[in-house]
Amino acid sequence: MTFDVTVYITWKEGVLDPQGAAVTESLHKLGYDGVEGVSISKMMKVRLQAEKDNVEQQVVEMCEKLLANPVIEDYTYEIEEVIPS
């Protein structure tokens, strides 16, 4: 079976986000004083051939081993089966 997996990587609470801070500061310089903060995250799309029973296990392994840094990043994911047309 084929699955489309969307993985979202975010900073863990308390981890410094220098890119987000820079964007926040730039928005303030552009006059957007109401912006209280920006957090920069990553989104990845993975198309995966797998058995339905272990697709989630494979996604978690990919996140833990490569896609995310579990020390400083959190991740969530969505798995959608690709229906052939």
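Keep in mind that the numbers below use all heavy atoms, side chains included, and drop hydrogens, waters and symmetry copies. Treat the numbers as computed from the prediction; the structure is a model and nothing was measured.
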Query raised in the report: Do the side chains of Lys12 and Ile72 get nearer than 4.5 Å, heavy atoms only?
Result: no
Query raised in the report: Just by distance, do the side chain of Thr24 and the backbone of Val38 share a donor-acceptor pair under 3.5 Å?
Result: yes
Report task. Verify whether one side chain among Gln58 and Asn54 offers a donor that lies under 3.5 Å from an acceptor in the other. Result -> yes
Query - Transitive ILVMFWY cluster of Tyr8, excluding itself - 4.5 Å side-chain cut-off - result: Met43
Query raised in the report: Checking Glu64 side chain against Val60 main chain: does a donor-acceptor pair fall under 3.5 Å?
Result: no
**Report entry** Minimum-distance pair of heavy atoms, taken over all atoms of Phe3 and Glu81
**Finding:** CD2-CA, 3.6 Å
Query raised in the report: What pair of heavy atoms forms the shortest contact from Asp17 to Ser39, and how long is it?
Result: OD2-CA, 3.2 Å
Query - Joint hydrophobic cluster, Ile9 plus Leu48, side-chain heavy atoms closer than 4.5 Å - result: yes
Query raised in the report: So, Asp4 side chain and Lys45 main chain: donor-acceptor pair closer than 3.5 Å or not?
Result: no
Query raised in the report: Are Trp11 and Tyr75 linked, directly or through other ILVMFWY residues, by side chains that come within less than 4.5 angstrom of each other?
Result: no
Report task. Please answer: with hydrophobic residues joined when any side-chain heavy atoms are less than 4.5 Å apart, are Ile79 and Met44 in the same cluster? Result -> yes
Query raised in the report: Is Val82 reachable from Met1 through a run of hydrophobic residues whose side-chain heavy atoms are each under 4.5 Å from the next?
Result: no
Query - Other residues, nucleotides, ligands: >12 heavy atoms within 6.0 Å of Glu61 CD - result: yes
Query raised in the report: Between Gly20 and Ile40, what is the shortest heavy-atom contact and its length?
Result: N-CG1, 3.4 Å
Report task. Verify the neighbour count for atom CD of Glu51: are there more than 12 heavy atoms of other residues, nucleotides or ligands below 6.0 Å? Result -> no
